[in-house]
Participant: 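This structure is in structure tokens; I'll ask about it shortly.
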Number of protein chains: 2
Amino acid sequence: MKINATNIAQMASASDVIFDALREAIARGDIGEGQVLRQDHIARMFNVSRIPVREALTRLEEQGLVATQRYRGAVVASLSIEEIREVFEFRALIEPEVLRLSIARISDDALAEARGFAEAFATEANSAKWGDLNRQFHYRLYEEARRPYYLQTIRAALDRVDRYLRAQLVLTSGMDRARQEHQQILDACIARDGERAAELTRAHILGACDSLVRFLETTRRPVGA
Amino acid sequence: MKINATNIAQMASASDVIFDALREAIARGDIGEGQVLRQDHIARMFNVSRIPVREALTRLEEQGLVATQRYRGAVVASLSIEEIREVFEFRALIEPEVLRLSIARISDDALAEARGFAEAFATEANSAKWGDLNRQFHYRLYEEARRPYYLQTIRAALDRVDRYLRAQLVLTSGMDRARQEHQQILDACIARDGERAAELTRAHILGACDSLVRFLETTRRPVGA
DNA sequence: ATATTGCAAATTGGATCCAAAAAACACAAG
DNA sequence: CTTGTGTTTTTTGGATCCAATTTGCAATAT
């Protein structure tokens, strides 16, 4: 048997790279909602033909991150306040449950790593990094649940609303409250109190949602002035 | 302004048709797990080139219904018992909540339609139709929740395990119990007892899962005989 | 007989080309 | 100045073609 790269790790196809790059850019808000994604433009950015770009866009549409109209191209999906609220409501149902499952078997090492992310989140000065650190903190706690399907669902839901969440974090008091709530969640995890950790997570998500919705309702008046 | 078909409804692209056809065939179990899906073969079936087929396969992979390996093609995803259990556990978390939300505003008309599906399910002699009727019954009750994101998630989860569920239905006593449980759920809905309807739905899903897993554990011994 | 190597066929991933539709634009009429 | 119409340009959806990789098979050596 010859040993080459494909034996070690399956080489990522071009569309995988494009998909991941666009997915992250959309989730982070680097590409604003409503912005059109031209196949040709993206193809040139990655030095490929339009074929892998179309595959990436297809996958993004399946994930709900872009909306495509026939012969009109893809635009970054924009969510109504109602849709945003629904995704948060969904997260508030799933994530506490996953954390509960996770705590039943969580190791001290995992807790220590989560604590590291929480501290990095709390002390990071660059607000552009808050979103990633927030995600890492929660994910680290969820991973121990060993529920790949749940985690995938959570990731998809968070991808949809992450750019709004990041906007909420930089609001006054948004970051302060997140810091405190992370600490409380972590304490409950360390105490192996699944019930309390779940309830705190639920409140954490719903609180962020409320704060975000209030913010959006005062700023979003594009139609009907 | 000229009026033509595209004004009335956006014409479905070729890949939409292929995607829906394959998705249903996989969910229903008409294409067995592990079966390879040759691009060329499917393309000829639909009288198109491989391009729209590849788009459909890409979307199916994003939905988790097929698994693709680079240069090796796509195969219908096969789930381990653990993975099946996780999807059912997920459904048992989501669906009761959606039903609870739905009951808060459900109309008598919707209940009548759901009753119609339940009766059709209970009296249908052709076992091949049980799966669809089962789905329609539950969906009709969920729709009134007006939660498109939840519904989409439920559909994706059910697509993954529907073929197993259909196999479980035709097991002895599987159909009998489903009939009774549907009636109980319907009664609770008619009484607008969201709490009871949710708990019955949860038991309905978990019961089917247990029955299915027992069945699979006795029949599935392909490795290590 | 079995394992190994080399070649041919089959299959996928990607590039290029073409047709269909939409958007942008120019221009005439009211 | 606005509105409507015809034309050009842009962009997407799909077909065809080519390269990269895998798979099947045959020939050979042990």
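Numbered from 1 within each chain, the chains take letters A, B, ... in sequence-line order.
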Participant: Got a salt bridge between B:Asp210 and B:Arg214, using NZ or NE/NH1/NH2 to carboxylate O under 4.0 Å?
Facilitator: no
Participant: Look up atom OH in B:Tyr164 and atom OG in B:Ser78, then write down how far apart they are to the nearest 0.5 Å.
Facilitator: 6.0 Å
Participant: B:Glu61 CD to C:dT12 C1': how many Å, rounded?
Facilitator: 13 Å
Participant: CZ of A:Arg59 versus C1' of C:dG13: gap in Å, rounded?
Facilitator: 13 Å
Participant: Between B:Arg38 and A:Arg72, which has a closest nucleotide on DNA chain C that is more 5'?
Facilitator: B:Arg38
Participant: Which residues pass the salt bridge (charged side-chain N to carboxylate O under 4.0 Å, His left out) test with B:Arg54, not counting sequence neighbours?
Facilitator: none
Participant: Nearest whole angstrom, please: distance from the P of D:dG14 to the OH of A:Tyr71.
Facilitator: 6 Å
Participant: In whole angstrom, what separates A:Arg44's CZ from D:dT10's P?
Facilitator: 11 Å
Participant: Identify, with sequence neighbours excluded, every residue that meets ring pair (Phe, Tyr, Trp, His ring centres under 6.0 Å) alongside A:Tyr149.
Facilitator: B:Phe90
Participant: Send over the distance from A:Asp16 CG to C:dG14 C1', rounded to a whole Å.
Facilitator: 14 Å
Participant: Does A:Gln39 make a side-chain N or O approach to OP1 or OP2 of D:dG13 shorter than 4.0 Å?
Facilitator: yes
Participant: Check this for me, if you would: do A:Asp162 and A:Arg135 make a salt bridge, where the nitrogen-to-carboxylate-oxygen distance has to be below 4.0 angstrom?
Facilitator: yes
Participant: Sort me out a list of protein N/O and nucleotides 15-17 of chain C N/O pairs below 3.5 Å, or just none if empty.
Facilitator:
from   : atom 1 : to      : atom 2 : distance (Å)
C:dA15 : OP2    : A:Ser49 : N      : 2.8
C:dA15 : OP2    : A:Ser49 : OG     : 2.5

Participant: Got a salt bridge between B:Asp30 and B:Arg163, using NZ or NE/NH1/NH2 to carboxylate O under 4.0 Å?
Facilitator: no
Participant: Calculate the interatomic distance between A:His41 atom NE2 and D:dT11 atom P; express it in whole Å.
Facilitator: 11 Å
Participant: Taking only side-chain N and O atoms of B:Gln69, does any of them lie within less than 4.0 angstrom of OP1 or OP2 on D:dT21?
Facilitator: no
Participant: What is the distance, rounded to the nearest whole Å, between atom CG of B:Leu57 and atom C1' of C:dT11?
Facilitator: 13 Å
